[in-house]
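This structure is a prediction, so every number in the text was calculated from the model and none was measured. Naming: A, B, ... by sequence-line order, numbering from 1 per chain.
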2 protein chains.
Amino acid sequence: MARTETVEGPRSRAAKTQRRTRIQREKHEQILEAALDVFSRQGFRGATIDQIAESAGLSKPNLLYYFRTKEAMHRELIDRLLDTWLDPLHALNKEGDPVAEIKSYIRRKLELARDYPRESRLFANEILQGAPHIGEELEDLKALVDEKAEVIRGWSKAGKLRKCDPHHLFFAIWSTTQHYADFDAQVRAVLGDVGQGEGRFEDAARFLDQLFIHGLKP
Amino acid sequence: MARTETVEGPRSRAAKTQRRTRIQREKHEQILEAALDVFSRQGFRGATIDQIAESAGLSKPNLLYYFRTKEAMHRELIDRLLDTWLDPLHALNKEGDPVAEIKSYIRRKLELARDYPRESRLFANEILQGAPHIGEELEDLKALVDEKAEVIRGWSKAGKLRKCDPHHLFFAIWSTTQHYADFDAQVRAVLGDVGQGEGRFEDAARFLDQLFIHGLKP
DNA sequence: TGCAACCTTTACCAAACGGTCAAAAATTCT
DNA sequence: AGAATTTTTGACCGTTTGGTAAAGGTTGCA
């Protein structure tokens with residue numbers, strides 16, 4: 001899924017031989033962590049290298065020693081993201097019980113939204129702007145989705161699931177779960193700041209379970 | 001809902017007396033149209049005045065004669081947006097048939113996503129970045145949502161709807177419908193470019209109807 | 001200890017950015 | 001027509017931005 005790894009980093013012997021020094025490994029992660037923070041809040045164009053550098057506790061030229069461009073940081077973040085992001089979909093098991101499988105898929109997606117909201121927003125930003133940096137990856141996504149859509153269709157045909165358009169089912173699951181990460185500001189405003197964090201996600205999980213289960217049981 | 005109208009525009013006598021010339025009215029609209037285009041694709045920070053000016057067929061200083069800052073354009077767009085955006089929710093009628101009301105609400109929201117995708121993305125961008133420009137408006141939203149949530153709760157208690165958390169129901173409706181506008185790039189990639197536009201929304205409407213109706217019927 | 005590789009900093013650059021200003025051009029009003 | 005007003009323009013400004021060059025400091029290893 002990840003794009004052909006072009007090793008990013010300093011033009012040094014260690015880098016060229018792929019063997020990274022301790023400092024390189026540490027700073028590399030440190031920078032990506034800061035970059036994720038900034039990109040997910042500001043979007044690609046809105047983020048500045050200075051912001052990321054400051055958030056990472058480095059000077060700008062120092063940061064640019066590890067990542068030669070802003071794009072380089074963004075690209076590596078997106079690459080990493082996609083791998084973990086599609087994991088739950090990969091796990092959808094043709095042999096399992098349909099309703100239980102979908103329930104568990106929803107749960108996993110919701111957990112991702114809870115535990116990795118920055119990644120979710122990073123992705124949302126990218127798609128919102130028309131996915132300018134991930135054309136290639138979206139094709140891989142299509143292949144995976146088409147495959148899993150067939151699984152759903154199979155379950156429907158076997159009478160184990162109400163008949164429905166599998167692609168739109170996926171859209172509904174993605175949107176409802178990611179909503180809690182991407183539109184967090186709105187969710188918090190509407191729910192009020194009472195009953196934070198923990199209970200919120202439990203309520204969401206209960207609601208989505210009910211909605212999809214009753215909506216899908218034959 | 002709209003914020004107290006501070007009339008934006010040229011510092012001219014006509015403007016001060018609120019009476020706008022023909023040219024002022026025309027250019028004003030022309031600029032907002034272009035600004036919507038650019039803001040919805042690039043986000044606030046990503047958009048540049050030059051881009052908007054070019055898209056509107058004006059020089060930058062000329063544009064700035066009508067809107068004195070970038071914020072001014074964005075603010076008026078957001079203000080207009082919110083009015084039409086919440087219309088469908090206002091229309092949710094306590095006296096109507098619960099299932100029919102919700103069905104019609106979903107349909108309206110989906111039509112908005114189809115007919116005004118740029119507005120949807122403008123809003124999505126704003127919320128994604130943490131709603132920095134619309135704190136005030138979100139409070140009004142909360143009040144409206146709370147009110148309509150009570151309507152839903154009433155229907156549930158009367159046994160006309162399956163018991164569920166009304167707020168999360170709204171989240172689910174918002175996210176699933178707006179998904180088609182906001183994540184259009186992903187939707188197109190997954191569905192392939194075949195079977196465009198028209199059929200797409202019909203399929204979505206059918207799916208969402210089924211999902212929510214069966215998920216909500218008592 | 002010395003030296004080669006690696007890391008960090010200071011100073012800098014060109015382009016892009018949001019916005020201003022004064023004056024010219026066009027329009028409207030009487 | 002001519003004055004008054006509105007609209008448009010070109011030249012400009014200070015700041016921010018992504019990124020570079022080169023020199024100084026640090027580390028690891030023979």
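Shown here are the side-chain contact (heavy atoms from CB on, under 4.5 Å) partners of B:Glu33, two or more places apart in sequence or in another chain: B:Asp37, B:Arg118. Residues passing the side-chain contact (heavy atoms from CB on, under 4.5 Å) test with B:Ala35, sequence neighbours excluded: B:Phe39, B:Ile52, B:Met73, B:Leu77. In this structure B:Ser120 satisfies the side-chain hydrogen bond (donor to acceptor under 3.5 Å, both in side chains) test together with B:Asp182, sequence neighbours excluded. For A:Glu29, the side-chain hydrogen bond (donor to acceptor under 3.5 Å, both in side chains) test picks out A:Arg80, with sequence neighbours left out.
When the C1' atom of D:dG10 is taken as reference, atom OH of B:Tyr65 falls 17 Å away, rounded to whole Å. Note: CD (B:Glu71) to P (C:dC17) measures 16 Å, nearest angstrom. In this structure, B:Glu26 atom CD and D:dT6 atom C1' are separated by 14 Å, rounded to whole Å. Spacing between atom CD of B:Gln24 and atom C1' of D:dT7 amounts to 9 Å, rounded to whole angstrom units. In this structure, A:Asp50 places its CG atom 7 Å from P of D:dG18, rounding to the nearest Å. Across the protein-nucleic acid pair, B:Asn62 atom CG and C:dG19 atom P stand 16 Å apart, rounded to whole Å. C:dT8 atom C1' lies 12 Å from atom CD1 of A:Ile31, rounded to whole Å. The separation between A:His28 atom NE2 and C:dC7 atom P is 13 Å, rounded to whole Å.
Near-neighbour residues of DNA chain C inside residues 34-49 of chain B, defined by a heavy atom below 4.0 Å, number-ordered: B:Ala47, B:Thr48, B:Ile49. Within residues 51-61 of chain B, the residues that have a heavy atom under 4.0 Å from DNA chain D are, in order of number, B:Ser59, B:Pro61.
For B:Tyr116, the OH atom counts as loosely surrounded, since its 6.0 Å shell holds 12 or fewer non-hydrogen atoms of other residues, nucleotides or ligands.
For B:His74 and B:Phe67, the ring centers are positioned 6.0 Å apart or more.
The distance from the CD atom of B:Glu54 to the OG atom of B:Ser59 is 12.0 Å, given to the nearest 0.5 Å.
Look at A:Arg153 and A:Glu150 and you find a salt bridge, because one of the NZ, NE, NH1 or NH2 atoms lies within 4.0 Å of a carboxylate O, short of that distance. Under 4.0 Å is where a charged nitrogen must lie from a carboxylate oxygen, and between B:Arg107 and B:Asp209 at least one such pair does.
In this structure, of C:dT9, D:dT20, C:dT20, it is D:dT20 that holds the atom nearest to the side chain of A:Leu64.
Close to C:dT8, at under 4.0 Å from its OP1 or OP2, lies a side-chain N or O of A:Tyr66.
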